[in-house]
**Q** 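Encoded as structure tokens, here's the structure I'll be asking about.
Residue indices begin at 1 and follow the sequence shown.
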Amino acid sequence: NLKDLVPDMSSSSDTVILDCLTVMANNLIFHSDVDVENATQAEIDSLEKRILEMDEDIFKFDYTYELWKILAENEIINIEILTKENFHLIINNRNPKTDCKKSVTNRTLINFPLNELSKKVKGLKLNKDKWVSHVCSLLDLNKGSISKHGYKKDENKIFYDFFCVK
């Protein structure tokens, strides 16, 4: 969100130059589910529309912060390594400010919320596999464990209200 990156820009200047829009658009294309080289014109048009309409974040900060609090309260993550800001960046397909590879302290319980988030990513027509790979690489997790262990069971009840699971 530009206004968060450049707070109160209206009082300091009349113009803001955005130098990295092509990089941002490239990242959005890369993380989409469209094979650009072999896509039909309709697929390209749909991708263009999604990019133009897309908010910068897949998940809003309030949402990721509430999930981060559940993870922290249940000692699933080390909050000194995985801050709420870094968690928000990772979950939104961006790189954290610091290395977060040693941040997950319960590698089993993290799978359920990541599996639920991956379903939401797929529902937004983004590339679920690329999203899972990105998150797993930054948190040093096994990509296969998310789908293999991320299902409904008693130990995951702590997440049911958050994800509206019955």
Side-chain angles (χ1 to χ4, degrees), residues 1-5 7 20 23-36 46-47 49-51 53-166:
N1 193 345
L2 183 60
K3 64 184 173 197
D4 293 338
L5 296 174
C20 297
V23 174
M24 183 187 81
N26 181 61
N27 288 340
L28 292 171
I29 291 167
F30 178 76
H31 290 291
S32 76
D33 58 354
V34 176
D35 178 5
V36 177
S46 175
L47 176 61
K49 181 179 179 193
R50 285 197 329 248
I51 289 172
E53 292 175 348
M54 183 177 224
D55 192 13
E56 187 175 326
D57 292 337
I58 300 169
F59 302 104
K60 299 291 182 201
F61 184 79
D62 292 346
Y63 184 82
T64 62
Y65 176 61
E66 289 303 314
L67 180 55
W68 178 85
K69 285 193 318 188
I70 296 169
L71 296 170
E73 289 166 1
N74 290 280
E75 299 179 348
I76 298 168
I77 57 168
N78 179 337
I79 62 171
E80 291 179 17
I81 300 172
L82 187 59
T83 64
K84 61 185 177 251
E85 293 86 3
N86 279 339
F87 182 70
H88 180 75
L89 291 169
I90 291 169
I91 296 304
N92 280 291
N93 235 6
R94 295 193 301 267
N95 292 322
K97 295 177 182 178
T98 57
D99 184 1
C100 296
K101 289 193 182 218
K102 304 288 183 206
S103 63
V104 178
T105 55
N106 188 323
R107 297 169 87 69
T108 302
L109 285 180
I110 193 82
N111 292 312
F112 182 81
L114 293 180
N115 190 43
E116 291 297 308
L117 291 174
S118 74
K119 292 175 191 175
K120 292 180 183 294
V121 167
K122 184 177 182 182
L124 293 170
K125 303 217 183 291
L126 297 172
N127 190 310
K128 175 184 167 183
D129 290 334
K130 286 182 183 177
W131 182 86
V132 169
S133 293
H134 173 80
V135 171
C136 288
S137 70
L138 294 172
L139 296 177
D140 196 27
L141 299 171
N142 182 327
K143 189 173 138 178
S145 294
I146 291 176
S147 58
K148 185 176 179 183
H149 300 291
Y151 54 89
K152 188 176 171 181
K153 54 187 173 184
D154 284 345
E155 63 187 22
N156 292 323
K157 284 183 179 179
I158 56 175
F159 300 107
Y160 288 3
D161 284 343
F162 183 80
F163 288 108
C164 301
V165 174
K166 298 192 187 255

**Q** With heavy-atom distances below 4.5 Å as the criterion, would you say the side chains of Leu114 and Val132 are in contact?
**A**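 No, their side chains stay 4.5 Å or more apart.
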**Q** Please give me the minimum heavy-atom distance between Ile91 and Ile58, naming the atom from each residue.
**A**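 Distance-wise, the nearest heavy atoms are O-CD1, 4.3 Å.
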**Q** Could you report the tightest heavy-atom contact between Thr83 and Asn86, atom names first, then the distance?
**A**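 In terms of heavy atoms, the two residues are closest at OG1-N, 3.1 Å.
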**Q** Would you say the side-chain atoms of Asn95 pair up with the backbone N or O of Leu89, donor to acceptor, closer than 3.5 Å?
**A**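 No: the side chain of Asn95 does not pair with the backbone of Leu89.
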**Q** Could you go step by step and tell me if Asp99 and Ile81 meet the side-chain contact (heavy atoms from CB on, under 4.5 Å) rule?
**A** CA-CA 8 Å; Asp99 184 1; Ile81 300 172; over 6 Å; no
**Q** I need the full list of salt bridge (Lys or Arg N to Asp or Glu O under 4.0 Å) pairs touching residues 131-140, with sequence neighbours left out, sorted by first then second residue.
**A**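 Counting only pairs at least two positions apart or across chains, no salt bridge (Lys or Arg N to Asp or Glu O under 4.0 Å) contact touches residues 131-140.
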**Q** Ignoring hydrogens and angles, tell me if any N or O in the side chain of Ser103 forms a donor-acceptor pair with the backbone of Cys100 under 3.5 Å.
**A**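 Yes: the side chain of Ser103 pairs with the backbone of Cys100.
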**Q** How about Asp35: does its CG atom have over 12 heavy atoms from other parts shown lying under 6.0 Å from it?
**A**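 Buried by this count: over 12 neighbours within 6.0 Å.
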**Q** Using modelled atom types and a 3.5 Å cut-off, is there a donor and acceptor pairing between side-chain atoms of Asp57 and backbone atoms of Asn92?
**A**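 No, the answer is negative, given that no donor and acceptor are paired below the 3.5 Å cut-off.
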**Q** What residues, two or more places apart in sequence or in another chain, satisfy salt bridge (charged side-chain N to carboxylate O under 4.0 Å, His left out) together with Glu155?
**A**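 Lys153.
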**Q** Can you pull out every side-chain hydrogen bond (donor to acceptor under 3.5 Å, both in side chains) where at least one residue sits in residues 64-82? Sequence neighbours excluded, please.
**A**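 Checked against side-chain hydrogen bond (donor to acceptor under 3.5 Å, both in side chains) - neighbours excluded - the pairs reaching residues 64-82 are Thr64-His88, Glu66-Lys69.
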**Q** Assign the ring pair Phe59 / Trp131 to parallel, tilted or perpendicular, where the plane angle (0 to 90°) is split at 30° and 60°.
**A**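 Phe59 and Trp131: perpendicular rings.
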**Q** On a heavy-atom basis, which atom in Pro113 and which in Leu67 lie closest, and how many Å separate them?
**A**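 Closest approach of Pro113 to Leu67, heavy atoms only: CB-CD1, 4.0 Å.
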**Q** How many angstroms lie between atom CG of Leu82 and atom CG of Leu139, to the nearest 0.5 angstrom?
**A**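 With rounding to 0.5 Å, CG (Leu82) is 6.0 Å from CG (Leu139).
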**Q** Tell me, do Leu71 and Ile79 make a side-chain contact under 4.5 Å, heavy atoms counted?
**A**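 Of all side-chain heavy-atom pairs linking Ile79 with Leu71, none is under 4.5 Å.
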**Q** Determine whether Ile146 and Cys136 satisfy the following criterion, side-chain contact (heavy atoms from CB on, under 4.5 Å), listing intermediate values before the conclusion.
**A** CA-CA 9 Å; Ile146 291 176; Cys136 288; 3.4 Å; yes
**Q** Less than 3.5 Å apart, which donor and acceptor atoms pair up between the side chains of residues 116-123 and the rest of the protein, not counting sequence neighbours?
**A**
{"from": "Glu116", "atom 1": "OE2", "to": "Lys119", "atom 2": "NZ", "distance (Å)": "3.0"}
{"from": "Ser118", "atom 1": "OG", "to": "Asn115", "atom 2": "O", "distance (Å)": "2.7"}

**Q** Any idea which heavy atoms bring Phe159 and Leu109 closest together, and the distance?
**A**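 Phe159 and Leu109 have their closest heavy atoms at CE1-O, 3.6 Å.
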**Q** Could you state the interatomic distance from OG (Ser133) to CG (Leu138), rounded to the nearest 0.5 Å?
**A**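 Separation between the atoms: 10.5 Å.
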**Q** Please name the pair of heavy atoms, one in Ile77 and one in Ile110, separated by the smallest distance, quoted to 0.1 Å.
**A**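 Closest approach of Ile77 to Ile110: CG2-CD1, 4.3 Å.
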**Q** With a 6.0 Å cut-off on ring centres, are Phe112 and Phe162 close enough?
**A**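 Distance test on ring centres: not under 6.0 Å, no.
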**Q** Less than 4.0 angstrom from a charged side-chain N to a carboxylate O is my criterion; do Lys143 and Asp129 meet it?
**A**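 Salt bridge between Lys143 and Asp129, a charged N being under 4.0 Å from a carboxylate O: no.
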**Q** According to salt bridge (charged side-chain N to carboxylate O under 4.0 Å, His left out), who are the partners of Asp154, at least two apart in sequence or on a separate chain?
**A**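 With neighbours one apart ignored, the set is Lys157.
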**Q** Would you please name every residue forming a ring-ring contact (aromatic ring centres under 6.0 Å, His included) with Phe163, sequence neighbours left out?
**A**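 Not a single residue meets the ring-ring contact (aromatic ring centres under 6.0 Å, His included) criterion with Phe163.
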